[in-house]
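Before any comments, here is the structure.
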Amino acid sequence: VFPFSYCTYSPIPNHNIVSSHIIKFIFIGSLIKRKGVLTLLQAIKNITTSKEFELTIVGDGPEASCLHQYLHDNQVEHVRFLGTISNEQIPSLLQEHDILILPSIYDGWGAVVNEALMQGKYVICSNQCGAQALLRNHMNGTTFKAGNYKELANQMLYCIDHISDIREQEVFRIKWAKENISGKAIAKSMIDYLHKSNL
């Protein structure tokens, strides 16, 4: 039995580190209960900071109206919905943001985590995402207990307070992703496993 590692195609990113004074979080995925977006909005509601930040939500689905209603009922700010975009637009959109958040209640993997790391982005994901395996290096990101919006809020506050370090470490994450989760790296790992197994 060998460890599984998901692989996604991602173009070589620009090395233009985000310089905005606004700290930019992003969620990309279907707006369904399993993705845990409500947990993310609850976390946003519980963040108190003097620094400017925003959350971009990319995607659509049956939970969209409930999420909009939650924002309205609780007067939650700092959130914008972009709707659905093409896969080709994702890399450039990620480059405009600082931190990807995947708050899934359950996710077999979570390919968007790979895509974010390939673009050098810091990642926060729940402990119910298979892709949490890619965050064992603390410079890549961190995890929180699925459904625990207070813990997620604390992780987001950490990012807000350490945004300079997170932005400076972008080049490290791009290099790490190229060496560990790029197509060539995964292919080499498979070949190495086969050699070790004498297959």
Next on the checklist: Any carboxylate oxygen within less than 4.0 angstrom of a Lys/Arg side-chain nitrogen, looking at Lys121 and Glu170?
Outcome noted: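 Looking at Lys121 and Glu170, the cut-off is met.
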For [X] against [Y], the heavy-atom pair lying closest together:
X      : Y      : value
Arg80  : Leu82  : NH1-CD2, 3.8 Å
Cys159 : Ile99  : CB-CD1, 3.9 Å
Glu151 : Lys145 : OE1-N, 3.3 Å
Pro103 : Leu40  : CG-CB, 4.1 Å
Leu102 : Gly110 : CD2-CA, 3.9 Å

Got [X] and [Y] here, is their nearest side-chain heavy-atom distance under 4.5 Å?
X      : Y      : result
Leu67  : Leu38  : yes
Val113 : Cys129 : no
Ile44  : Met156 : yes
Leu157 : Phe53  : no
Arg167 : Tyr122 : no
Asn114 : Leu134 : yes
Leu117 : Ile174 : no
Ile166 : Arg173 : yes

Cluster check [X], [Y]: I/L/V/M/F/W/Y, side chain < 4.5 angstrom:
X      : Y      : result
Ile32  : Phe27  : no
Tyr106 : Phe144 : no
Ile105 : Ile124 : no
Tyr149 : Leu41  : no

Next on the checklist: Quiz question: by atom type and distance under 3.5 Å, do the side chains of Ser86 and Gln89 form a donor-acceptor pair?
Outcome noted: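 Ser86 vs Gln89: donor-acceptor pair found between side chains.
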Checklist entry - Could you go step by step and tell me if Val37 and Glu63 meet the side-chain contact (heavy atoms from CB on, under 4.5 Å) rule? => result CA-CA 9 Å; Val37 184; Glu63 287 292 293; over 6 Å; no
Item to check | Asn140 vs Val123, side-chain contact (heavy atoms from CB on, under 4.5 Å): CA-CA, chis, key distance, verdict | outcome: CA-CA 6 Å; Asn140 286 350; Val123 175; over 6 Å; no
Next on the checklist: Under the criterion side-chain contact (heavy atoms from CB on, under 4.5 Å), I'd like the reasoning laid out for Met118 against Ile181: C-alpha separation, chi angles, the key distance, then a yes or no.
Outcome noted: CA-CA 8 Å; Met118 292 293 288; Ile181 58 174; 3.9 Å; yes
To the nearest 0.5 Å, what is the distance between [atom1] ([X]) and [atom2] ([Y])?
X      : Y      : atom1 : atom2 : result
His97  : Ser20  : NE2   : OG    : 10.0 Å
Arg136 : Thr143 : CZ    : OG1   : 10.5 Å
Gln95  : Gln119 : CD    : CD    : 4.5 Å
Cys66  : Leu71  : SG    : CG    : 11.5 Å
Ile160 : Ile23  : CD1   : CD1   : 5.0 Å
Lys24  : Ile163 : NZ    : CD1   : 11.0 Å

Checklist entry - Does a sphere of radius 6.0 Å around NZ in Lys51 hold more than 12 heavy atoms from other residues, nucleotides or ligands, not counting ones at 6.0 Å or beyond? => result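 Yes - once you tally the heavy atoms of other residues, nucleotides and ligands closer than 6.0 Å, there are more than 12.
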Next on the checklist: Test your reading of the model: is there a side-chain donor-acceptor pair from Arg34 to the backbone of Ser104, 3.5 Å cut-off?
Outcome noted: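 Side chain of Arg34 to backbone of Ser104: no pair is present.
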Item to check | Under 3.5 Å donor-acceptor, Asn74 side chain and Val76 backbone | outcome: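 No, because the side chain of Asn74 does not come within donor-acceptor range (under 3.5 Å) of the backbone of Val76.
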Next on the checklist: Please confirm whether the ring centroid of Phe81 lies under 6.0 Å from the ring centroid of His68.
Outcome noted: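 Yes; His68 has its ring centre under 6.0 Å from that of Phe81.
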Next on the checklist: Let's go through Leu55 and Ile26 carefully: what are the C-alpha distance in whole Å and the side-chain angles of both, what is the deciding distance for side-chain contact (heavy atoms from CB on, under 4.5 Å) to 0.1 Å, and is it a yes or a no?
Outcome noted: CA-CA 5 Å; Leu55 167 67; Ile26 187 169; 5.6 Å; no
Item to check | Any residue meeting side-chain hydrogen bond (donor to acceptor under 3.5 Å, both in side chains) with Gln75, in chain and number order, not counting sequence neighbours | outcome: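 Here no residue qualifies.
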